[in-house]
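Keep in mind that this is a model prediction, so the values were computed, not measured. Convention: sequence-line order gives letters A, B, ...; per-chain numbering from 1. We use all heavy atoms of the structure for the numbers below, so side chains are in, but hydrogens, waters and symmetry mates are not.
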Amino acid sequence: MNYSIISPPSTNIESLLSECPLTPFAPDVIEFISALSDTIFKDNTLKTLPELVALAFWLRPANILKLRSDFETKWRNHFLIGRGLAFHIAPANVDTIFIYSWFLSMLAGNTNIIRLSTHTAPQVQLLINAINSIKDDRTARRFMLVHYGHNEDITAYFSGLCNVRIIWGGDNTISTIRKIPLRPTAVELAFADRFSLCIINAHAFIEMEDKTHTIEKFYNDAYWFNQMACSSPRLVVWIGNSDDADLARTIFWQMLKDIIIKKSPDFIASKAVDKLATMQSLAIKYDNIKIEKTDLNLLNRVLLKTPESIDRTLHCGGGLFYELILSDLDALQCVLTAKEQTVSVIGFTRDEILCFLNKTKPRGIDRIVSVGKSLQFSSVWDGFDLLREFSKEVDIEL
Amino acid sequence: MNIEALFTQKPYSLSKETKHTFLAETLNLLINHHKTHCLAYHKILSATGIEHSSFSTIEDMPFLSVRLFKDFALSSVQQTQVIKTLTSSGTTSQRLSQITLDKETALYQTRALVNIVQDFIGKKRLPMLIIDSESIIRNRQTHSARGAGILGISNFGKDHTYLLDEQMVLNVDTLERFLSVHKDEDILIFGFTFMVWSYLYKRLKEIGKSYDLGRATLIHSGGWKKLSEQAVDNITFKAELKQVCNLGRIYNFYGMVEQVGSIFMECTEGFLHAPNFADIIVRQPYDWSCAPFNTNGIVEVLSILPHSYPGHILLTEDLGMIYGEDTCKCGRMGKYFHIEGRLPKAELRGCSDTHAYSPLH
């Protein structure tokens, strides 16, 4: 089999297969995770990368121990154990997802094979170096990070060995990999293409004192992964009367533009071309849309007239925002489909949101978060409690 | 001045001021024409806030993404007036551009091409070799870019002789027969850059045959992507062909199925030139502002020929650099430039992480 092992430096499939499942939250595993957190915080390069700092925060002992106590409360009197070998197929869009997926599986008690995309960003290599620097032989025997090209035979090989397969990476990848059989007792988790939005209470935004801080959070949500994560906001829904919405929009986008210029995120020329094609395609397909003028191709906006014009497939990321104006929160119901994942919120209280959910019972939505938390990973993702899914229960009747 | 008047002039005759005024007037009319006759184009202009086109410069005019022709049938004529549909010559897995031509636009294309190419090879029809297989032009209603290119240039030739069989193998006997019949004449050779290199040059080198093509003019097009992967640039291309078969007169051109006819020919100084019918703007991707000369950016092409489809102002996905206007040493008026290849694709960092498993690969 022609795959290359990226980490750990000296491992092989045989030694990985000889390892047994553990019960959740084994001390070695917690130690390994906190060692990586330390390494990131102490590394002068790594700690300047916001995505990695967010990761390191999640990895720190306090958070892992909280996960453990939540898990233990939830599954008290149940006997849970790792399923065995987990095979993770990581996405290319969010460089750090593979760590969350792998570590939760490791915490659940599994051994892990992680297939990394061949198109990874430079910080992934830095992260791998950090992982390789951790001296922990016991945990190092229990995982393998691999790279390989477009080779179904290798995917089939790992799929035939594993007890749980995890597919990150969207609808096309899922449908291709689903054709490759698993062993009869194995299970699969697949993370489909999703769409996320930010809802803004126009009046509350206008009244807000610290607008800059809020918009910086929005900037992080939208621009960290070049607006390519499933939870990056791609649609902004303004809620309020049209005067408020117009004023709020003017202030919001001007301030966002200033922040973009200040932070100067990576600019990819081909994204500008993609966005032009997307906006013009939207104009052809739907009626009465408005392509807003811009002199900065990191921030493009299309004002839509109806929820039917929210074309989730055409959206190409890279700083493109669909906008929709609704008179009240309840009207949001007609925007939400089963595709919606994260709704980030500006200017609504928890009670207002709960009231909306109770009243309208929308089909979509897996997460509702304050602005700035869209990209925060949670151990419950797309409706799956990952720790639970990665482990199996031994039913005991004694 | 109008388009008719241009056909009676040399193709690089308009100096800067005249050309800009002429293009601005003509393209304003064309924008309004397509806005009236193509609903999709109308919707794009409305979405962009353009009600009526009266721009004073071509730089201010709205450009369409060339990609739209792959996803939408953009036409400004009734279906009954369509006499031909051109498609791009992509591989089977790619979506193809569809260009609808009526009689008027097809005629403009032919006449513009004649006007331009005659400036390089003269008015006489020359015996012509085509580095392709005849099968490519069999269907007369739908033409791939390759077929359309061949048929376009065929107007300058006679005794059209296709040198490749359907497996792209050079027919040496046919070549020898052609050369012995036309041994004291000037001849014209046309082919796609990659095919000339792979199926003519490489094959001749491989079989160790050497023919004297010293009286031939080679016109070729189709892009350098495949050759640049083999580290073959225009200079190497010319030098090697000169060496292997004494082929000295070689002209590349830049063109696309979305703007057939108003092609950008390479001059003796090695620059591509905008003819009277067309122009080029290089835009900076960060804000679409116009790049100054000698600065690279994304190429926008403008042509006054497309009446049956809204392909008059297009933003391509090619990178290029303009070196000047009206000042090329070859003496031709108009902007002169180089194409620097395709805009590199962004890493596909989408949740649709398909590149690992996509059927496209």
Side-chain angles (χ1 to χ4, degrees), chain A residues 89-95 115 117-121 148-150 152 155 168-173 176-177 191-194 225-226 228-230 267-274 276-291 293-298 302 313 316-318, chain B residues 38-50 62-74 95 282-289 291 296-300 310 313-319 340 342-361:
Chain A
I89 295 161
N93 59 325
V94 181
D95 309 318
R115 191 251 183 201
S117 163
T118 40
H119 297 241
T120 45
Y148 54 87
H150 321 129
E152 295 208 347
T155 303
W168 297 90
D171 297 358
N172 289 329
T173 309
T176 314
I177 294 178
F191 296 91
D193 285 332
R194 304 305 298 275
F225 294 107
N226 203 17
M228 294 301 266
C230 284
F267 174 73
I268 304 166
S270 68
K271 269 290 161 205
V273 174
D274 291 345
L276 179 73
T278 293
M279 294 190 292
Q280 294 187 336
S281 299
L282 283 170
I284 296 174
K285 287 179 76 175
Y286 307 99
D287 291 335
N288 299 321
I289 73 155
K290 191 173 168 211
I291 299 171
K293 289 203 186 347
T294 182
D295 55 4
L296 173 69
N297 279 330
L298 273 164
V302 181
T313 327
C316 56
Chain B
C38 175
L39 178 63
Y41 188 71
H42 180 102
K43 290 176 85 175
I44 290 172
L45 291 202
S46 300
T48 319
I50 299 167
F63 42 85
L64 287 199
S65 161
V66 73
R67 216 184 283 172
L68 295 179
F69 288 93
K70 291 185 163 67
D71 294 323
F72 301 96
L74 302 177
R95 292 161 303 162
V282 167
R283 293 200 182 267
Q284 322 220 51
Y286 193 72
D287 54 5
W288 296 144
S289 62
N296 79 354
I298 300 179
V299 170
E300 174 187 332
I313 309 179
L314 300 174
L315 191 76
T316 71
E317 300 187 14
D318 294 317
L319 291 170
E340 302 177 336
R342 302 284 284 178
L343 181 67
K345 273 274 148 215
E347 298 266 294
L348 264 177
R349 290 154 55 105
C351 274
S352 320
D353 165 28
T354 56
H355 48 252
Y357 296 97
S358 160
L360 290 178
H361 291 83

Measure distances from [X] to the heavy atoms of chain A and classify the residue's part below 4.5 Å as side chain, backbone, both or neither.
X	answer
B:Phe72	side chain
B:Ile298	side chain
B:Phe63	both
B:Leu315	side chain

For the atom pair CG (A:Asp274) and CZ (B:Arg67), what is the distance rounded to the nearest 0.5 Å?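 The CG atom of A:Asp274 sits 4.5 Å away from the CZ atom of B:Arg67.
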
For the residue pair [X] and [Y], what are the closest heavy atoms and their distance?
X	Y	value
A:Ala277	B:Leu68	O-CD2, 3.9 Å
A:Ala269	B:Leu343	CB-CD1, 3.8 Å
B:Pro285	A:Ala272	O-CB, 3.7 Å

Proximity breakdown for A:Lys293 and chain B, heavy-atom pairs closer than 4.5 Å: side chain

Side chain, backbone, both or neither: which part of A:Asn288 has a non-hydrogen atom closer than 4.5 Å to chain B? neither

Would you call A:Asp295 and B:Trp288 a side-chain contact if the rule is heavy atoms closer than 4.5 Å?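 Contact flag for A:Asp295/B:Trp288 side chains = no.
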
State, yes or no, whether a side-chain contact exists between A:Ile284 and B:Leu74 at a heavy-atom distance under 4.5 Å. yes

What's the verdict on side chain to side chain contact (heavy atoms under 4.5 Å, CB included) for A:Met279 and B:Ile44, showing C-alpha distance, side-chain angles and the deciding distance? CA-CA 9 Å; A:Met279 294 190 292; B:Ile44 290 172; over 6 Å; no

A:Gln280 side chain vs B:Ser65 backbone, donor-acceptor pair below 3.5 Å: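 At least one qualifying donor-acceptor pair exists.
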
